[in-house]
Visitor: 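Can you keep this structure in mind? I'll have questions shortly.
Labels below follow one simple rule: chain letters A, B, ... track the order of the sequence lines, proteins then strands, and each chain is numbered from 1. Just so it is clear, the values below take in all heavy atoms, side chains as well, and ignore hydrogens, waters and symmetry mates.
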Amino acid sequence: MPEGHTIHRIARDHRTLLAGRALRVSSPQGRFTDAVRVDGATLVDLEAYGKHLFHHWSTGEIGHIHLGLFGKFRVHRTAEPPEPRGAVRMRVTADDDGEPVTIDLAGPTACSVGPPHDRDVIVARLGPDPLRADADPDLAVHNMARSRRAMGALLLDQSVLSGVGNVYRAEALFVHGIHPRRPGTACSEHELRMLWTTLRDMLRAGVRSNRIVTVTRDELDLPRGARIPRREATYVYKRDRCLRCATPIAAIEVANRTCYHCPTCQPT
DNA sequence: ATACCATGAACAG
DNA sequence: TGTTCCTGGTATC
């Protein structure tokens, strides 16, 4: 289940497998009728922006995929790809003499192909993505600093900054002792700049490990080299008690989503 | 077997 | 602000 780190990791992994190769593109489920428009084309490159994934095709058109809450890719590296499992919206298969690869996409919120302008329209409504080299931190900082909306809402708003989801918002606000309902205007620019850095580092770690782990290993009482269980991997998200002060974690609604925080470490 | 919930976001009004 | 669309894991009967 995807926040921005998942999309950037997918772009990277799929680039290794598919970039520069001619692909067969189909829609076993039938709902992605535009598959025919890029069927047989070469996938020039993949691009991640926030939680959006773009396929740059040799036809000049650009594919757009958004996984939403449920979307998933499945990679098959066998010569004979298996029968599509469930409702496969898009299937791409390498159509050359290289390593066999088939990738299935199921359950996405968005899956389309269009002219570059369509991609530009989507990107234009996204705030800076901490995982991108071209991101402007100042823009994100000012987007937050001038808004009276709650920080918990601002971090989920993809036009403020892009790629952050419900887990990273809770974790980053905890690290900086910011209550999810604190208005953006009540944060200092320095605080917001540090928050950006924390989010960038958390997202980078997420790309590296392909999962969300925000705690550092030495904050846990675990044997060296042991895998961190999901419930132990966060400071406040879905925790019963704060990892740092053992106060019971509070769950409140912010921007229509459950936001976890520590009432002691994040008083205001 | 069924209900509910979730790391998302568009749309209606 | 509420409704709708995706899917799958876990909880509850």
Visitor: Check the phosphate of C/dC6 against A/Arg31, side-chain N and O only, distance under 4.0 Å to OP1 or OP2. Yes or no?
Guide: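 So the side chain of A/Arg31 is within the cut-off, an N or O lying under 4.0 Å from OP1 or OP2 of C/dC6.
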Visitor: Just the rounded figure in Å: distance from P of C/dC6 to CZ of A/Phe70.
Guide: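 Those two atoms, CZ and P, are 10 Å apart.
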Visitor: Within this structure, what is the CE-to-P distance between A/Met90 and C/dC6, rounded to whole angstrom?
Guide: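 One finds 18 Å between P of C/dC6 and CE of A/Met90, rounded.
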Visitor: Calculate the interatomic distance between A/Leu131 atom CG and B/dT7 atom C1'; express it in whole Å.
Guide: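 Result: 15 Å.
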Visitor: If you check the A/Thr109 side chain, which of B/dA6, C/dC6, C/dT7 turns out closest?
Guide: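 That would be C/dC6.
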Visitor: Please determine, for the side chain of A/Ala87, which listed nucleotide (B/dT7, C/dT7, C/dG8) has the closest atom?
Guide: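 For A/Ala87, the side-chain atoms sit closest to C/dT7.
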Visitor: Could you tell me the separation between the CD atom of A/Glu253 and the P atom of B/dA6, rounded to a whole number of Å?
Guide: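 For the pair A/Glu253 CD and B/dA6 P, the rounded distance is 9 Å.
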Visitor: I need the A/Arg239 CZ to A/Ile249 CD1 distance, nearest 0.5 Å.
Guide: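 The distance works out to 8.5 Å.
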Visitor: Could you state the interatomic distance from CE (A/Met151) to CG (A/Asp157), rounded to the nearest 0.5 Å?
Guide: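 CG of A/Asp157 is found 11.5 Å from CE of A/Met151.
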Visitor: Tell me whether A/Asp95 is salt-bridged to A/Arg21, with the criterion being a basic N under 4.0 Å from an acidic carboxylate O.
Guide: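 Salt bridge: no.
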Visitor: Calculate the interatomic distance between A/Arg85 atom CZ and C/dG8 atom P; express it in whole Å.
Guide: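 So the CZ-P distance, A/Arg85 to C/dG8, works out to 8 Å.
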Visitor: Salt bridge check: are A/Arg169 and A/Glu3 linked by an N-O gap of less than 4.0 Å?
Guide: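 No, this pair does not count.
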Visitor: Check whether any side-chain N or O of A/Lys72 sits under 4.0 Å from OP1 or OP2 of C/dG8, and answer yes or no.
Guide: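 Looking at the OP1 and OP2 atoms of C/dG8, neither is under 4.0 Å from any side-chain N or O of A/Lys72.
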Visitor: Whole Å only: how far is the CD atom of A/Gln29 from the P atom of C/dC5?
Guide: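 For the pair A/Gln29 CD and C/dC5 P, the rounded distance is 15 Å.
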Visitor: Give a yes/no answer on whether the side chain of A/Tyr168 brings an N or O atom under 4.0 Å of OP1 or OP2 in B/dT7.
Guide: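 For B/dT7, OP1/OP2 do not have a side-chain N/O of A/Tyr168 under 4.0 Å.
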Visitor: Select base, sugar-phosphate, or nothing to describe what A/Arg74 touches, counting heavy atoms under 4.0 Å on all strands.
Guide: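 Sugar-phosphate, no base atom in range.
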Visitor: Answer yes or no: does a side-chain N or O of A/His66 lie under 4.0 Å from OP1 or OP2 of B/dG8?
Guide: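 Answer no for this pair, as no side-chain N or O of A/His66 is under 4.0 Å from OP1 or OP2.
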Visitor: With the side chain of A/Gln158 defined as its heavy atoms from C-beta on, choose the nearest nucleotide among B/dA9, B/dT7, C/dT7.
Guide: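 Shortest atom-to-atom distance from the side chain points to B/dA9.
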Visitor: CD of A/Glu3 versus C1' of B/dG8: gap in Å, rounded?
Guide: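 After rounding, the gap between these two atoms is 10 Å.
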Visitor: B/dC4 and C/dT3: how far apart are their P atoms, nearest whole angstrom?
Guide: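 These two P atoms come out 15 Å apart once rounded.
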Visitor: When you check the phosphate oxygens OP1 and OP2 of B/dA10, does a side-chain N or O of A/Arg125 lie under 4.0 Å from one of them?
Guide: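 Answer is yes, contact under 4.0 Å.
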Visitor: For A/Lys51 and C/dC6, give me the distance from atom NZ to atom C1', rounded to whole Å.
Guide: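 Atom NZ in A/Lys51 sits about 15 Å away from atom C1' in C/dC6.
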Visitor: Between B/dG13 and C/dC5, how many Å separate the two P atoms, rounded to a whole number?
Guide: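 Looking at atom P only, B/dG13 and C/dC5 are 14 Å apart.
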Visitor: May I ask you to decide if the ring planes of A/His179 and A/His261 are parallel, tilted or perpendicular, using 30° and 60° as cut-offs?
Guide: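 A/His179 vs A/His261 ring planes: perpendicular.
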Visitor: With a 4.5 Å heavy-atom cut-off, do A/His8 and A/Arg12 have their side chains touching?
Guide: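 Heavy-atom side-chain distance check fails, nothing below 4.5 Å.
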Visitor: Say we look at B/dT7 and C/dT1: how far apart would their C1' atoms be, to the nearest angstrom?
Guide: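 Those two atoms are separated by 23 Å.
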Visitor: Is A/Arg89 close enough to C/dC6 that one of its side-chain N or O atoms is under 4.0 Å from OP1 or OP2 there?
Guide: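 No, no such contact exists.
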